[in-house]
Q: 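The structure that follows is given in the form of C-alpha cells.
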Amino acid sequence: VKLKQGRTENLVIIGIDCLGAFQNRDYFSWVGDDSEESSKKFYTGVLSGKEAAFDGIDLSPACQVCESPIPMGADMAIGLYGMDINNQILIQAESEEGEHLMTKLKLTDGEEPASRKKTVDKLVEERTVARDNMFTETLDATDNLEKLTVYLANCVNCYNCRVACPVCYCRECVFVTGVFDHEPSQYLRWADRKGAVKMPTDTVFYHITRLAHMSTACVGCGQCSNACPNDIPVMELFRSISQNTQKAFDYTPGQSIEDKPPLSVFKEEEFEEVVGIE
Ligand code: SF4
Ligand code: SF4
Ligand code: SF4
C-alpha cells in the first residue's frame with residue numbers, strides 16, 4: 001500500500017493478538033498428525049503464561065524478542081492475552097470501518113478486563129529486555145567488517161532471505177539483474193589482486209545493500225532466518241541494524257498506514273552531517 005503496490009479500498013484489516021510461532025522445522029516436528037489438538041495445546045499453554053517451551057521447543061528467536069504482540073493499525077482488533085478464552089474474547093473496533101463491521105456483527109457489549117493490560121505489559125517488558133540483549137550481542141558480533149564477514153561466512157547467496165522477507169518490495173530486485181552477473185575474467189582479476197577469491201562472491205555486499213534498501217521497513221518477523229539453509233541469524237542482524245535506521249528517521253514500520261516510508265519522503269535539509277553538505 002505504502003509503495004503503491006496495493007490499495008485499501010474495500011479492505012477491512014482484522015488484527016489478532018499474536019501468540020508467536022515456531023520456526024518451520026520445529027513446527028513440523030512438534031505438530032505431529034493432529035494439528036487441531038496441537039493448536040489447542042499451544043493456545044492454552046501460551047495464554048496460561050506458564051509454558052515457555054513446548055516439549056523442549058521454544059518460540060522462534062524473532063518471537064522471543066517481539067515487543068509488538070498486539071495488533072496496531074487494524075480496523076478491528078481481536079484480543080486474546082489476559083482473556084479467559086473459553087468464555088470470551090475481546091473484539092474492538094479501531095476505525096470507522098471497524099465500527100461499521102461491529103454494528104453488523106451485533107456482538108454483546110463488554111469491558112476490557114484489567115487482567116489484559118497487566119498481561120500484555122508484563123509480556124512486552126520481558127520481550128523488550130530480551131530484545132535489547134539480542135541487540136547488544138549481535139552488534140558486538142558484527143561491529144566491524146572482519147566480524148561481519150565471519151558472521152556471514154556461511155552465506156551461499158541463495159537469496160532465500162530476500163524472497164521470504166515480506167518487506168523486500170521490488171518487482172525486480174537488483175540482485176537478479178545483470179549487475180551481479182560477473183564475467184568469468186572478473187573473478188580471475190579479483191583472485192589475482194587478493195591472492196584468492198571466496199565463492200560465492202558479493203555475500204557481505206548483498207546483505208549490506210539489502211540493509212540499505214529496506215532496514216527502515218524491517219518488522220523483525222524472522223522469516224529471513226527461517227528461510228536460511230545455513231542457519232545464519234539474519235533476523236538478529238537486520239533487527240539490530242534496523243533499530244538505528246528506524247530511530248534516525250523516527251519511523252516504526254507496521255505502526256500506521258498513514259506514516260510514509262522514510263526513503264519516499266526525501267528532505268533536502270536532513271542528515272547534512274552525513275552527506276557532508278551544508
Ligand atoms: S526480520 Fe526483517 S529482514 Fe527478516 S524477513 Fe522479517 S522484515 Fe525481512
Ligand atoms: S534487496 Fe533491495 S532491490 Fe532486492 S527486493 Fe530487497 S529492497 Fe528490492
Ligand atoms: S538465506 Fe542464508 S544463505 Fe541464503 S542468502 Fe540469506 S543469509 Fe545467505
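Keep in mind the model is a prediction, meaning the values are calculated, not measured.
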Q: Which atoms form the tightest heavy-atom contact between Ser35 and Val31, and what is the distance?
A: CA-CG2, 3.7 Å
Q: Return the minimal non-hydrogen interatomic distance between Val197 and Thr201, and the atom names on each side.
A: CG2-CG2, 3.7 Å
Q: Answer yes or no: are there more than 12 heavy-atom neighbours, outside Gln186 itself, under 6.0 Å from its atom CD?
A: yes
Q: Hey, is the main chain of Cys18 close enough, under 3.5 Å, to the side chain of Tyr81 for a donor-acceptor pair?
A: yes
Q: So with a 6.0 Å cut-off around CG of Asn144, is the heavy-atom count from everything else above 12?
A: yes
Q: Within a 6.0 Å radius of atom NZ on Lys117, are there more than 12 heavy atoms belonging to other residues, nucleotides or ligands?
A: no
Q: Once you round to the nearest 0.5 Å, how far does CG of Asp231 lie from CG of Asn154?
A: 9.0 Å
Q: Is there a donor in the side chain of His100 and an acceptor in the side chain of Asp75, or the other way round, less than 3.5 Å apart?
A: no
Q: Taking only Lys NZ, Arg NE, NH1 and NH2, and the carboxylate oxygens of Asp or Glu, determine whether Lys118 and Glu125 approach each other closer than 4.0 Å.
A: no
Q: Taking Lys40 first and then Asp34, would you say they form a salt bridge - that is, a charged N and a carboxylate O separated by under 4.0 Å?
A: no
Q: Are the charged groups of Arg127 and Glu67 less than 4.0 angstrom apart, N to O?
A: no
Q: Test side-chain contact (heavy atoms from CB on, under 4.5 Å) on Tyr43 and Leu80 and set out the steps.
A: CA-CA 9 Å; Tyr43 268 65; Leu80 304 175; 3.8 Å; yes
Q: Closest approach of Leu263 and Phe249, non-hydrogen atoms and distance?
A: CD2-CZ, 4.2 Å
Q: Check whether more than 12 heavy atoms from other residues, nucleotides or ligands sit under 6.0 Å from atom OH of Tyr187, and answer yes or no.
A: yes
Q: Would you say the ring centers of Tyr206 and Tyr159 fall short of 6.0 Å from each other?
A: yes
Q: Hey, is Glu37 close enough to Lys41 for a salt bridge, meaning N to O under 4.0 Å?
A: no
Q: CD1 of Ile208 to CG of Asp202: how many Å apart, nearest 0.5 Å?
A: 11.0 Å
Q: Taking all non-hydrogen atoms of both residues, which atom of Cys155 and which atom of His207 are closest, and how far apart?
A: SG-NE2, 3.4 Å
Q: Quick one: CG on Leu101 to OG1 on Thr103, what's the gap to the nearest 0.5 Å?
A: 8.5 Å
Q: Please determine whether the number of non-hydrogen atoms from other residues, nucleotides or ligands lying under 6.0 Å from atom CG of Asn87 exceeds 12.
A: yes
Q: Is it true that Ser242 and Ser215 share a donor-acceptor pair across their side chains at a distance under 3.5 Å?
A: no
Q: Find the distance between CG (Asn160) and CD1 (Ile232) and round it off to the nearest 0.5 Å.
A: 10.5 Å
Q: Do you know which two heavy atoms are closest between Ala74 and Glu94, and how far apart they sit?
A: O-CB, 3.3 Å
Q: Please name the pair of heavy atoms, one in Val265 and one in Lys260, separated by the smallest distance, quoted to 0.1 Å.
A: CG1-CB, 3.7 Å
Q: Between Glu97 and Ile13 (side chain of the first, backbone of the second, donor and acceptor by atom type, cut-off under 3.5 Å), is there such a pair?
A: no
Q: Report the distance from atom CG of Leu47 to atom CZ of Phe42, rounding to the nearest 0.5 Å.
A: 9.0 Å
